Amino acid sequence: MPPLRNNMTDRLYYHDSFLHEFEGEITEVVPAVEINGRHGVYLDRTAFYPTSGGQVYDTGWIAPTGYSEKLRVVEVAETEDGRVVHYIEADKAPQRGTRVRGLIDPARRRDHIQQHSGQHVLSAAFIRLFNMPTVSFHMGEEVCSIDLDAPTLTEAQVKEAEALANEIVQENRPVEIKFVTQAAAQEMGLRKPPRTDKDELRLINIRDFDLSACGGTHVQNTGQIGCILLRKTERVRQGWRIEFVCGQRAVATARRDYTTLTEAAALFSGHIWDVPQHMRKLLEDVRSATKGNERLLDELAEAQASRLLAETVAENGRKLIVRTFKGRDLTFVRLLAQKLTRLESNVVVFLASTSEQPSLVFAQSKGMPFDMGALVKETLAKLGGRGGGSKDFAQGGVPTAEGLEAALEELPRRLRA
Ligand SMILES: [Zn+2]
């Protein structure tokens with residue numbers, strides 16, 4: 001059914017973004033059974049902002065006449081026929097025709113006003129400075145973002161736009177709401193051509209800085225935005241995405257950053273500004289310590305391999321070495337197996353580690369006749385592990401060290417058979 005124009009909700013926020021209380025009448029109620037657990041309440045007039053144009057909904061309360069309690073408004077949306085639906089959580093929904101008092105959550109509204117108005121200023125700054133149009137706006141729970149249609153974006157440009165935007169905030173310029181016809185708007189030079197076929201447009205005019213068509217809630221003066229803080233920038237398909245926060249959100253974000261940095265700086269007993277320098281130094285130290293450790297392990301494996309080979313007497317022309325290590329990990333055991341089978345040409349080794357991740361490594365010198373891959377697979381089948389490898393070198397992991405040593409001890413007999 002086509003919408004009737006006189007059916008549309010009278011939107012009080014169109015004229016006053018700071019109206020937090022209003023009176024109206026319920027025109028329709030859609031019970032919770034029809035819409036996932038929430039009653040849908042329609043009013044003849046409302047100051048609640050429904051999600052649209054990148055700005056998210058208000059929350060608050062509806063106090064129906066004759067009710068002892070206020071009903072919580074948890075979400076507000078726009079319907080296709082131009083009405084506003086208030087979703088409430090209540091055991092029993094109020095009746096059609098009931099007079100109500102609406103109360104907007106003022107902290108949430110102010111936050112949205114600051115983010116949304118800040119976006120107008122920021123988008124205008126990018127146009128004025130670099131002719132980069134904003135193609136989309138997103139208001140998130142923590143950060144907001146705009147997408148700029150621009151092939152490149154430098155850090156210097158970001159800083160310049162941030163500086164200009166904050167100058168406009170500090171100049172406390174008036175922000176006016178105007179209702180004009182489409183034709184009149186065409187001549188006024190809007191920042192972005194509106195995508196609507198409505199006869200009348202609602203314009204938001206930041207004096208001598210920005211004029212755009214918008215149905216959202218805004219500040220009365222730019223000073224109420226507080227400040228505009230630009231954050232992460234990233235390449236997106238259409239251009240560049242810039243994250244930003246305004247007003248109290250910017251203060252909260254800066255506070256959080258400071259707490260994080262202070263925590264990091266305390267680890268180095270330094271100033272927060274020196275954190276990157278300390279981090280770089282620490283990473284260098286870690287890298288060089290890791291290298292040193294690798295070198296030492298290599299030397300240790302080499303020495304241990306030489307000693308093991310010297311102690312082992314060859315039988316039938318080959319040296320067979322079976323060892324289980326408690327305090328050595330797979331990396332070391334692998335290294336040791338490599339050394340043992342390369343230092344001499346007649347060696348077969350069955351090694352295991354019973355460390356946190358129990359594992360085994362079987363290897364033989366090049367040219368020896370056995371199949372280590374097959375032996376590992378066979379042993380793992382008994383122990384319930386996974387792994388494999390080539391004829392000369394194979395490894396695997398087992399869920400527990402239990403039975404590992406005994407399984408290894410059996411292997412020399414297999415070779416003799
Ligand atoms: Zn707006």
Side-chain angles (χ1 to χ4, degrees), residues 9 11-20 46-59 76-78 82 84 104 106 108-128 132-141 143-149 161 164-166 168-169 171-180 182 184-185 188-196 198 200-230 241-250:
T9 316
R11 303 188 189 204
L12 305 171
Y13 64 81
Y14 271 171
H15 309 278
D16 184 0
S17 295
F18 288 78
L19 181 70
H20 295 147
T46 190
F48 280 95
Y49 185 80
T51 298
S52 64
Q55 187 179 333
V56 288
Y57 59 86
D58 284 320
T59 58
V76 186
E78 210 168 34
V84 175
I104 311 288
R108 184 175 163 96
R109 165 64 69 85
R110 183 180 63 182
D111 173 54
H112 293 176
I113 283 179
Q114 286 182 326
Q115 312 314 313
H116 183 76
S117 305
Q119 181 258 312
H120 278 248
V121 174
L122 189 59
S123 291
F126 274 106
I127 280 280
R128 288 203 167 224
M132 292 177 184
T134 295
V135 289
S136 69
F137 163 53
H138 172 74
M139 188 190 285
E141 285 292 324
V143 291
C144 308
S145 65
I146 51 170
D147 285 0
L148 295 175
D149 182 4
L164 174 61
N166 280 292
I168 300 301
V169 168
E171 285 168 11
N172 201 24
R173 297 193 186 204
V175 179
E176 294 135 343
I177 305 165
K178 286 180 183 171
F179 290 89
V180 299
Q182 272 275 14
M188 294 169 90
L190 302 186
R191 169 159 53 81
K192 191 178 165 187
R195 283 171 299 185
T196 174
K198 282 183 196 159
E200 195 182 50
L201 287 182
R202 179 175 183 258
L203 302 184
I204 303 304
N205 184 32
I206 301 173
R207 191 174 291 171
D208 299 330
F209 191 67
D210 184 47
L211 182 67
S212 46
C214 185
T217 54
H218 306 88
V219 291
Q220 294 153 328
N221 297 285
T222 55
Q224 288 168 327
I225 295 169
C227 62
I228 303 173
L229 180 63
L230 269 55
R241 177 162 300 161
I242 299 179
E243 288 185 1
F244 67 95
V245 278
C246 303
Q248 285 289 10
R249 259 195 215 204

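Please read all numbers here as calculations on a predicted model, not as lab measurements. When a residue number appears, it is its place in the shown sequence, counting from 1. Read the numbers this way: they start at 1 and go in the same order the structure lists the ligands and their atoms.
Ring geometry for His20 against Phe18 counts as tilted: the plane angle lies between 30° and 60°, on a 0 to 90° scale.
Under the 4.5 Å side-chain criterion, counting only non-hydrogen atoms from C-beta, Arg110 is in contact with Gln248.
Taking the salt bridge (Lys or Arg N to Asp or Glu O under 4.0 Å) definition, one finds that Arg173 meets it with Glu171, sequence neighbours left out.
Checked against the 6.0 Å centroid criterion, the rings of Phe137 and His116 qualify as a close aromatic pair.
Distances under 2.8 Å from the Zn ion (ligand 1) pick out the protein N/O/S atoms His116 NE2, His120 NE2, Cys214 SG, His218 NE2.
With Phe244 as the aromatic partner, Arg249 does not meet the cation-pi criteria of under 6.0 angstrom to the ring centre and within 45 degrees of the ring axis.
Of the N and O atoms on the side chains of Thr217 and His112, not one donor lies less than 3.5 Å from an acceptor on the other residue.
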